[in-house]
Each structure stands twice: as C-alpha cells, then as structure tokens.
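As the structure is a computational prediction, the values presented were derived from the model and not from experiment.
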Amino acid sequence: MRLSAFAALLLAAPVVAQPVAEPTDSTAIAFIKAEATERGQVMDHATWMTDVHGARLTGSEALDRAQEWAVDRFRSWGVSAELEPWGTFGRGWKSDRMAMSARVSGPDVASQSFPLTAAPKAWSPSTGRASGELVVIDIDDDTLDPATLDVRGKVVLMGSLSDVARGLEPLAQRRDEHELLELANAGLAMTRGAQRRYSPEVLARYRARAARTQAVLTGEPLAILTPSGTGGSGAVRAMQAAVPEGQATGAGGRAAPWTAGVETVAQFAVLDEHANRLIRLAEAGQSVTIDLDYAATFTDEEVVEDNVIAEIPGTDLADEIVIVGGHFDSWHSGSGATDNAAGSAVTMEAARILKAFYDARGEGPRRTIRFALWTGEEQGLWGSRGYVSEHFAPTPGYGEPPTDVLPGHANVSAYYNMDNGSGRFRGVYMQSNEAVRPIFRAWLDAFDDSTAQTLTISNTGGTDHLSFDNVGIPGFQFLQDPLAYFAKTWHTHMDVYDHLDPDDMEQAAAMMATFAHHTAERAEKLPRKAMPDLAGN
Ligand SMILES: [Zn+2]
C-alpha cells in the first residue's frame, strides 16, 4: 500500500502530547515538613558540631572526634555510617593560646598599650612569649626592593589601610525579588575552559609582589600580621599561613603549611580597624612594639583523612544512588558554624527525617540515598574529589578533567550540596543543566514554600558539587539567602552557633530531604549534561 504524500505527512507528524507531569509525593512532603519542624533536631546536631566539638580543621584531632560523633549519631537512627578514607593529607595543627597587644611610645605621648583582635593563621608555628618592633610594609608598593627589606626579629604588618564600613547597611541580607528575578532570568553560563589571561605587565607586578613576600617570609621576622579584610564587621578572617617558596611538596604537588617538613613563620590576621591604627601610628612616626603570647601544636605528620558516608539502602533500584551532603571540616578561629556545620547538620537531619519516613512507610526508597560529610574542602575539595575519583571518575587535581570513567559513574542520579551559610533555600542553581528545570519546578511546586521558587540556569562554584559536575554527574548547590555569610561569618572568628538561623536550617533540611526522596523515587535518573572530555582528548 502506498500512502499519499499528504497522509504520510499527517502520520509522521509528532503527536503533540501534554508532557507527562513529573510525579510528586505529597504524603512524603507532609511527613518531611512535620518531622523537620515539629520534631526537628537540626540545631542540636549543630550544637554538638560547633559548641561541643568546636572548629574542625582538616588533619586535626578535633575533626576526628567530631567525625566519630557524627558516625555514632547516624547509627543511633538506624542509618548505617562509616568513615571512608580519601587519602593522606598532611599534618594536624591546633592553636593552644594566643594574646596580642600593641605598645606605643613616642617622645611627646604617654606610653600606652591596647589589645589587638587577631587570630593565628592555620599551621602557624609557636612564638611563645615574645615582643618585636612593628614595621609596616605595603607589599603592593612597587618601589620597595625586596633586597633592602630588613625584618629580622620584627613584627611585620604586611598591608595598607583598609576601608571600614560605617555600618549604615545591614550586614545580614535576604535575597529580594529583584535579585531572585535576575537569577531566574540569567542566561546560560559560560562553559568551562575560559582561561584567564594576564598581561605581561600584570604578571611582572605579580612576580615582584611575590618576591617581596618571599623576602619577608624568609627574613626571619618574629611574626607577620595582615589586615583581615572584613571591613567593619567586627570579625577576623583567618585561613592558612603562607609558606616560603622552594620547599618540599605534598599532596597536589605544592608546598602547603600542612605539608610535613615545611617551615614558615607565625602569621596572624588582625581586625581591620586595629591594623589601620597600627599603620597610622607608624605613619605618625610613633614607635610600636607588639607583645605576643602564642603557642600551637603540630600533630601527626601524615594523617589519612576520611569522609563520613552514611546510607539508607534502596530497594528495587538499590544499585543507583542519590547523594546529599556538605563539608564537615572548617577553619579554626570560630567553630565552623555557617561554614559548614550548617550544611552538615542539615545533611544529618535530612537522613534522620528520611529514615523516619521510610520506617513509617514500611518500605525503603527505590534508589539508595547516601549522606556525605566531606573533609578537606577548605584546602581544595579534597574529600569530595577523592570520593568521586575512587567511585566514579578519577581526576588528578582540582578542576582537572577526569582520566577515566568507572562503572559506578552511570549509577549516580544526582548530588545535592549545602555550603553557602545557614540561609534558607530560595531555589536551586541548575548548573547549566536546562533539562532538570521541569523536574525541579514540579518538586518546588509540591514543596509549596513561597520563599523557595527560584530556578536559575546559573552556575555557582567554590564547593563540593563541583567535584561531581566536573566529571559529568549532575551536581547542584541550593540557592540560599546569604544572611551575614560573606559580610561577617565566612572563615572568621565570628563563625559560631549564634549566626545559625534555626527556621532557615529546618526549612533547608526539609527541602534537602524532599529533593533526595524525589530523586530516589522517580522513574528515571536525572538527565545529564554532555560528558566532559577525558584528559588528553
Ligand atoms: Zn564551606
């Protein structure tokens, strides 16, 4: 039989069917929300992480103890949990005590002393009780010849005057409609591979600055102070100490202060206002002495570090997995509350809620749900990269393409991360994966929270979902309210329990559990972006 051309065209025309509605589970969502709010425990998890165990610096004993606590807590809910090693890191470190003050004396003023608000940079060696003359070196001053810098025995304030906000704007913010609309309307983000290029002039200035820094680091100063760069928030931001070039390299092929055998000098971040006063005193020709009492301990030269991995096993699709998580390690001067006990407590609470739900339902999730508390995040996503390398696709370094694809790669539906402070979820960064939009839209509609409605095609960076995204596994970070994250708490001594928002934490736990459940139960795994090229292709 031969069809007329017109009839053939009609038959071949695609059926304009209504897209199949993404199924949602209102029973589960109602249970999850009630469990998160009426019987919620997220702030108790956070108390134990922050107030009790305290800062959780990678390599430290405090982190080990806190991880053991987390494993025990998962198990107390009947959720299996293990420490899973991701590799050797370097040495541990902790600050034992620190006090710093400045003593001023000049020909025409009464001698006086005032305390400096400061925090040691991690892996700074002890100074003991010591005093040193203050010298201010503007490290960006291109007229300074590194060969002429005499810093031996002195306390070097490396930097220049910082702008200090007068506090006319609130530090803590929620995203407003305007900002959310801009995110929702954002175009497709630039694809990877856009390399930053520096002009020869910029490179030359960068090298000259590095030479001055090297001269200070190797000139045997008593200590180095830097303005903490938190302008007016009252917080001191301290990360790791810098190390002189030309020393032994460790993990990742670079010398870091945690690398066994690497030597450096004691370094401190100082509150901007206090650093500014020291700079102005020096400019006024006053003689300033810094009195310092600082002790620190290094431990275990080569520690193997672990992630905490917990799991609710799946049923008919148990080989396939959904992972939710956040990093458990922190910087050292606060107690790592918003960065990232928040994401860790929410991940643990999602596990508790989902376990309670599946127990009540009498049937586990279709896919296996894993709960990951990563470590080594602050030093370069070490824990999540190690996990992804071991199970899904090996990558040699941060942001580098995978060298291979392992069989487990195909089995991961999605990874969801929380690591942008304690602010409530306002939506999801789709990470350039347009195909997830109708799915996430259906889940957000079903979750029915008017404050969490934004889907943006934009990418966000800086944290563990990148370890998955980088090897072609759908990895997402929730879009959160910033509160005072970058303005005050991020990596600072103010990153403590009091800056966690309990209502926001409960909402985040409920939404994370909702996304994990729906990902575990849907017919298909989540659609993926194109697989990145393997290394060498
Ligand atoms: Zn973080």
Side-chain angles (χ1 to χ4, degrees), residues 47-70 83 86-100 116-130 222-226 228 235-243 250-251 255-270 292-308 327-341 344 373-380 382-383 489-497:
T47 298
W48 277 86
M49 272 177 237
T50 60
D51 288 331
V52 181
H53 286 286
R56 301 168 306 281
L57 187 69
T58 297
S60 69
E61 192 199 344
L63 175 60
D64 294 344
R65 294 290 90 78
Q67 287 183 299
E68 288 159 11
W69 163 84
L83 292 173
W86 54 257
T88 54
F89 172 67
R91 55 192 171 172
W93 171 90
K94 69 179 167 119
S95 168
D96 298 314
R97 64 171 197 270
M98 200 214 85
M100 192 188 285
L116 295 173
T117 301
K121 296 191 182 178
W123 293 281
S124 282
S126 296
T127 60
R129 284 186 68 122
L222 171 62
I224 297 173
L225 315 182
T226 49
S228 97
V236 175
R237 174 172 298 144
M239 294 177 274
Q240 78 224 31
V243 299
W258 56 82
T259 308
V262 162
E263 293 194 5
T264 191
V265 296
Q267 293 158 54
F268 302 87
V270 180
L292 187 57
D293 184 8
Y294 166 65
T297 311
F298 287 92
T299 54
D300 301 339
E301 285 290 286
E302 275 300 335
V303 260
V304 172
E305 289 297 309
D306 307 286
N307 298 311
V308 174
H327 72 89
F328 192 72
D329 65 303
S330 75
W331 286 109
H332 55 290
S333 59
S335 55
T338 66
D339 189 14
N340 184 27
S344 298
L373 306 178
W374 315 112
T375 64
E377 191 272 353
E378 297 293 3
Q379 289 74 32
W382 287 100
T489 62
W490 179 66
H491 299 173
T492 75
H493 83 309
M494 290 284 192
D495 192 9
V496 294
Y497 180 90

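Annotation: E61, atom CD; neighbour count of heavy atoms from other residues, nucleotides and ligands within 6.0 Å does not exceed 12. In R97, the CZ atom is crowded: over 12 heavy atoms of neighbouring residues, nucleotides or ligands sit closer than 6.0 Å.
Evaluation of the salt bridge (Lys or Arg N to Asp or Glu O under 4.0 Å) rule for D51 yields no partner, not counting sequence neighbours. Looking at residues two or more places apart in sequence or on another chain, you find no side chain to side chain donor-acceptor pair (under 3.5 Å) involving S330. T47 meets the side chain to side chain donor-acceptor pair (under 3.5 Å) test with no other residue; sequence neighbours excluded.
Counting only heavy atoms from C-beta outward, the side chains of E378 and D339 approach each other to under 4.5 Å. Inter-residue side-chain proximity for L292 and F268 is flagged as met; some heavy-atom pair is nearer than 4.5 Å. A 4.5 Å side-chain heavy-atom check between W69 and M49 finds at least one atom pair inside the cut-off. By the 4.5 Å heavy-atom criterion applied to side chains, Q240 and W258 are counted as neighbours. Looking at N307 and F328, their side chains never come closer than 4.5 Å, going by heavy atoms from C-beta outward.
The main-chain N or O of S124 is found under 3.5 Å from a side-chain atom of Y294 such that the two form a donor-acceptor pair. Between the side chain of D495 and the main chain of T338, a donor-acceptor pair closer than 3.5 Å is present. Using modelled atom types, no side-chain atom of R237 and backbone atom of A269 make a donor-acceptor pair closer than 3.5 Å. Side-chain atoms of D329 do not come within 3.5 Å of backbone N or O of T58 as any donor-acceptor pair. Not one N or O on the side chain of E305 forms a donor-acceptor pair closer than 3.5 Å with the backbone of V303. With hydrogens and angles disregarded, a donor-acceptor distance shorter than 3.5 Å links the side chain of S126 to the backbone of A296. Here the side chain of R56 pairs no donor or acceptor atom with the backbone of R65 at under 3.5 angstrom.
Of all heavy-atom pairs between V496 and G334, the closest is CG1-CA, 4.3 Å. The two atoms that bring A130 and L222 nearest to each other are CB-CD1, 3.8 Å, heavy atoms only. Scanning both residues, R91 and V262, for their nearest heavy atoms gives NH2-O, 2.7 Å. Here the closest non-hydrogen pair linking S335 and T50 is CB-O, 3.3 Å.
Rounded to the nearest 0.5 Å, atoms OG (S333) and NZ (K121) are 11.5 Å apart. Between T259 atom OG1 and F89 atom CZ the span is 8.0 Å, to the nearest 0.5 Å. Here L373 contributes atom CG and H327 contributes atom NE2; the two are 11.0 Å apart, rounded to the nearest 0.5 Å. To the nearest 0.5 Å, atom OG1 of residue T127 and atom CE of residue M100 are 8.0 Å apart. With values rounded to the nearest 0.5 angstrom, E377 atom CD is found 9.5 Å from W331 atom CH2.
Taking the six-membered ring where the residue is Trp, W86 and W382 present parallel rings, their angle staying beneath 30° rather than reaching 60°. Note on ring orientation: taking the six-membered ring where Trp is involved, the planes of H332 and W93 are perpendicular (angle over 60°, cut-offs 30° and 60°).
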Stepwise side-chain contact (heavy atoms from CB on, under 4.5 Å) check, Q379 with L57: CA-CA 10 Å; Q379 289 74 32; L57 187 69; 4.2 Å; yes

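Each of V236, V270, T492 was compared with S228 under the side chain to side chain contact (heavy atoms under 4.5 Å, CB included) criterion, and only V236 meets it.
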